[in-house]
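Structure, as structure tokens:
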Amino acid sequence: MKGVLKKTLAAGLSLLLCLGGVACTGRTYEPGENGLVHISAANLGYGTGWLEALKEVFQEEYGINVYIDSYTGSAGVDRLDTEIESLSSDTDLFFGRRGWFAEDVYKGTISAADGNQYPCLYADLSDVWEAVVDEGSELSIYDKIDPLYRDAYNIEGSYYALPWAGGVYGIVRNLDVWNALGLSDEDIPYTTNDLFDLCDSVKDTLAEDDGKACFIYALEEEYYTGWSTIFFAQYEGKKNAEAFMDGRDPNGERTQHVYTYDGQVEAMEVLERLIDAENGYQYSRSSSIDFTTMQGLFLRGEALFCVNGSWLEIEMGTNFDSANVDMIKTPVVSSIVNRLSFGNDSSLNADQKDDRLVELIKYVDAVDAGETPALPTYAAEATVENDIAIVTEARHYSYMAGGTDHQAYIPSYSQHIREAKEFLKFMYSDRGLQIYYESMQGAMLPAMLTEGSYDASGMQLSGFRESVNAAQLDGFVYDREPTARYFVLPHISACFENGVSPVVALRGGDDAMDIITDNRNSIGSRWETIAGLLGSDYINS
């Protein structure tokens with residue numbers, strides 16, 4: 001009741017101010033006022049209800065007023081970018097999705113409109129990451145945050161933002177369509193060959209049902225380009241995947257030859273087969289529908305699969321209420337058999353090799369589930385164990401990170417850095433994490449509680465949310481958001497789109513090798529400029 005009364009009084013005051021001729025901007029403060037935090041937030045797939053919920057408790061417990069302005073969609077993201085780059089914004093804390101975030105750090109000193117100089121555009125938040133915010137605990141925020149996000153936000157040893165969203169993206173399955181086809185969980189594909197075999201076996205049945213399809217996407221905002229990089233990571237393994245994200249070629253050097261990994265071609269070949277019109281896997285209108293329409297069509301059963309993310313449920317709101325969908329693991333790229341002991345065995349055909357790969361994947365899954373399965377028996381134990389090590393790394397790249405590019409950051413020229421930092425600390429306290437979880441109907445920030453697990457009492461989590469949370473807790477996630485100078489300063493794409501959109505190029509008739517060749521040529525033609533931006537000390541380090 002007290003909270004309702006507060007809101008009623010605030011609404012009445014706002015109305016009086018408007019009627020009295022005061023400009024209604026949603027703000028009731030003057031820049032420079034003490035004890036406040038002005039937040040500007042991008043209203044994207046995760047919404048801003050969680051932010052309002054945090055604000056209510058924070059204001060009451062900390063005595064710091066919080067004012068929130070939110071801006072919707074990609075236009076909202078652009079507005080936040082323009083605002084902070086003005087060097088004169090009165091926003092103290094941004095919740096945005098800023099591309100090439102690390103570039104602003106590498107650029108160094110700025111001269112703000114207040115006449116002062118600052119080391120870079122953002123306030124250093126390393127002290128926030130190091131803060132212990134829960135009574136009776138020795139865990140810092142750094143300790144609580146998912147290791148993948150720690151790495152993603154580490155810019156040469158310092159931290160200038162925190163994630164305001166977690167989650168994953170990958171293959172979402174429409175269970176109503178799945179069940180209508182007579183499929184069971186035993187039919188979930190383990191390998192990309194499995195996936196294509198499944199599509200081949202059901203595509204005609206789906207097409208006969210009013211033009212339904214195996215997959216659906218929206219060309220204007222397709223997720224295939226970013227998601228396809230997971231097949232590169234699977235094929236190459238952890239060491240090479242991390243080397244590439246550090247701007248290193250297959251020899252471990254920072255050169256123009258970062259697009260000479262075999263796995264890059266393998267990834268594009270999977271994508272090529274998936275979207276090739278002649279294969280008939282994709283919904284016929286995928287090139288002409290917008291993203292929201294695409295999601296609606298998928299949820300109502302126009303396709304079996306969709307590459308999408310953990311925000312789907314929140315973004316679609318009431319349109320999701322009757323949906324019966326979940327997230328499944330990305331299949332392991334079948335060409336990884338090239339790296340296994342039996343890859344060159346001429347006595348085995350392609351199907352037999354894929355069957356053996358499936359056997360290895362099932363073994364890895366059983367171990368991950370805490371079981372003690374018998375080793376596959378196709379070869380000597382040492383050989384099998386080496387194969388298992390390779391497949392384990394591949395299987396542990398089952399989802400893409402879905403929130404590493406959703407950054408909460410403070411302008412270095414803010415007049416309320418202390419208050420803004422307090423808000424971030426509260427957000428990552430156990431209390432704040434639980435508030436986020438409850439207001440998001442079970443979606444989690446990428447952080448664990450200091451003790452116990454999130455309390456879902458009183459909430460009925462959807463099957464989709466349960467599958468997403470399970471994926472996050474598995475932690476088998478790949479992130480392709482680079483912070484290495486190699487990628488950031490010269491704007492080299494880590495997801496194979498230097499000067500070309502892979503999906504557009506493949507739809508236009510290019511093949512997988514054309515995509516990688518275009519990437520090589522793009523970097524090669526700019527190498528002198530790139531090398532100058534990076535500097536010889538960095539290149540040779």
Side-chain angles (χ1 to χ4, degrees), residues 27 29-42 51 54-55 58 62 64-71 76-131 133 140-142 145 149-150 152-165 404-428 481-485 487-489 491 533:
R27 304 175 186 171
Y29 68 95
E30 292 297 327
E33 181 182 335
N34 291 322
L36 64 85
V37 180
H38 172 207
I39 293 174
S40 290
L51 193 53
L54 286 168
K55 165 190 167 178
F58 178 79
Y62 284 69
I64 298 174
N65 292 326
V66 178
Y67 304 90
I68 299 173
D69 291 323
S70 66
Y71 307 98
V77 172
D78 292 342
R79 175 167 179 157
L80 298 191
D81 288 348
T82 300
E83 186 178 337
I84 191 170
E85 289 168 7
S86 72
L87 305 183
S88 60
S89 171
D90 63 3
T91 293
D92 304 301
L93 176 56
F94 287 87
F95 289 88
R97 191 180 65 194
R98 191 154 171 75
W100 305 108
F101 183 87
E103 181 181 12
D104 297 314
V105 179
Y106 295 136
K107 282 180 177 178
T109 304
I110 63 161
S111 297
D114 60 13
N116 295 316
Q117 288 192 329
Y118 301 91
C120 75
L121 184 60
Y122 313 115
D124 190 332
L125 302 184
S126 298
D127 58 328
V128 176
W129 282 73
E130 294 166 359
V133 292
S140 66
I141 290 176
Y142 174 90
I145 289 181
Y149 287 77
R150 295 179 203 162
Y153 279 71
N154 184 336
I155 302 176
E156 299 194 348
S158 296
Y159 294 85
Y160 298 88
L162 284 95
W164 58 265
T404 53
D405 62 346
H406 289 55
Q407 313 103 340
Y409 47 90
I410 300 171
S412 55
Y413 53 83
S414 164
Q415 298 177 57
H416 304 108
I417 289 177
R418 180 188 66 82
E419 292 91 339
K421 285 183 175 181
E422 288 302 311
F423 187 88
L424 291 174
K425 290 176 185 177
F426 172 70
M427 180 170 137
Y428 271 91
E481 294 292 333
T483 57
R485 289 171 180 257
F487 289 102
V488 173
L489 288 178
H491 288 206
L533 286 168

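- Within the structure, the salt bridge (charged side-chain N to carboxylate O under 4.0 Å, His left out) test picks out no pair touching residues 109-119 (sequence neighbours left out).
- L87 CG to N116 CG: the interatomic distance, rounded to the nearest 0.5 Å, is 12.0 Å.
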- request: Under the side-chain contact (heavy atoms from CB on, under 4.5 Å) rule, what do Y118 and T109 come out as? Steps first, then yes or no, please.
  value: CA-CA 5 Å; Y118 301 91; T109 304; over 6 Å; no
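- The SG atom of C120 lies 7.5 Å from the CG atom of D104; values are rounded to the nearest 0.5 Å.
- We find the CD1-CD1 distance between I110 and I84 to be 8.0 Å, quoted to the nearest 0.5 Å.
- Residues satisfying the side chain to side chain contact (heavy atoms under 4.5 Å, CB included) criterion with A152, sequence neighbours excluded, are T404, D479.
- Taking the side chain as every heavy atom from C-beta outward, V488 and V105 never approach each other to under 4.5 Å.
- Closest non-hydrogen pair, E422 versus I64, comes out as CB-CD1, 4.5 Å.
- Checked by atom type and distance alone, the side chain of Q407 pairs as donor or acceptor with a backbone atom of R98 at under 3.5 Å.
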task: For V37 and H416, run side-chain contact (heavy atoms from CB on, under 4.5 Å): C-alpha distance rounded to whole Å, both residues' side-chain angles, the deciding distance at 0.1 Å, then the answer.
output: CA-CA 7 Å; V37 180; H416 304 108; 5.5 Å; no
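- S89 pairs by the side chain to side chain contact (heavy atoms under 4.5 Å, CB included) definition with E83, S86, T91, F94, Y413, not counting sequence neighbours.
- For the atom pair W164 CH2 and F95 CZ, the distance stands at 8.5 Å (nearest 0.5 Å).
- With values rounded to the nearest 0.5 angstrom, L125 atom CG is found 6.5 Å from L424 atom CG.
- Considering only residues two or more places apart in sequence or on other chains, D127 meets the side chain to side chain contact (heavy atoms under 4.5 Å, CB included) condition with K421.
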message: side-chain contact (heavy atoms from CB on, under 4.5 Å), that's the test. Do Y106 and I155 meet it? Break it down for me.
response: CA-CA 9 Å; Y106 295 136; I155 302 176; 3.9 Å; yes
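- Not a single donor-acceptor pair under 3.5 Å links the side chain of W100 to the backbone N or O of P482.
- Separation of atoms CZ (R79) and OG (S70) is listed at 10.0 Å; rounding is to 0.5 Å.
- The nearest pair of heavy atoms linking S111 to Q117 is OG-NE2, 3.3 Å.
- Among residues two or more places apart in sequence or in another chain, the salt bridge (charged side-chain N to carboxylate O under 4.0 Å, His left out) test is passed with E481 by none.
- Residues meeting the side chain to side chain contact (heavy atoms under 4.5 Å, CB included) test with S158, sequence neighbours left out: D124, S126, Y160.
- Checking D92, D69, N65 one by one against H38, the side chain to side chain donor-acceptor pair (under 3.5 Å) holds for a single residue, D69.
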field: Pair F101-Y153, side-chain contact (heavy atoms from CB on, under 4.5 Å): steps then yes or no
entry: CA-CA 10 Å; F101 183 87; Y153 279 71; 6.0 Å; no
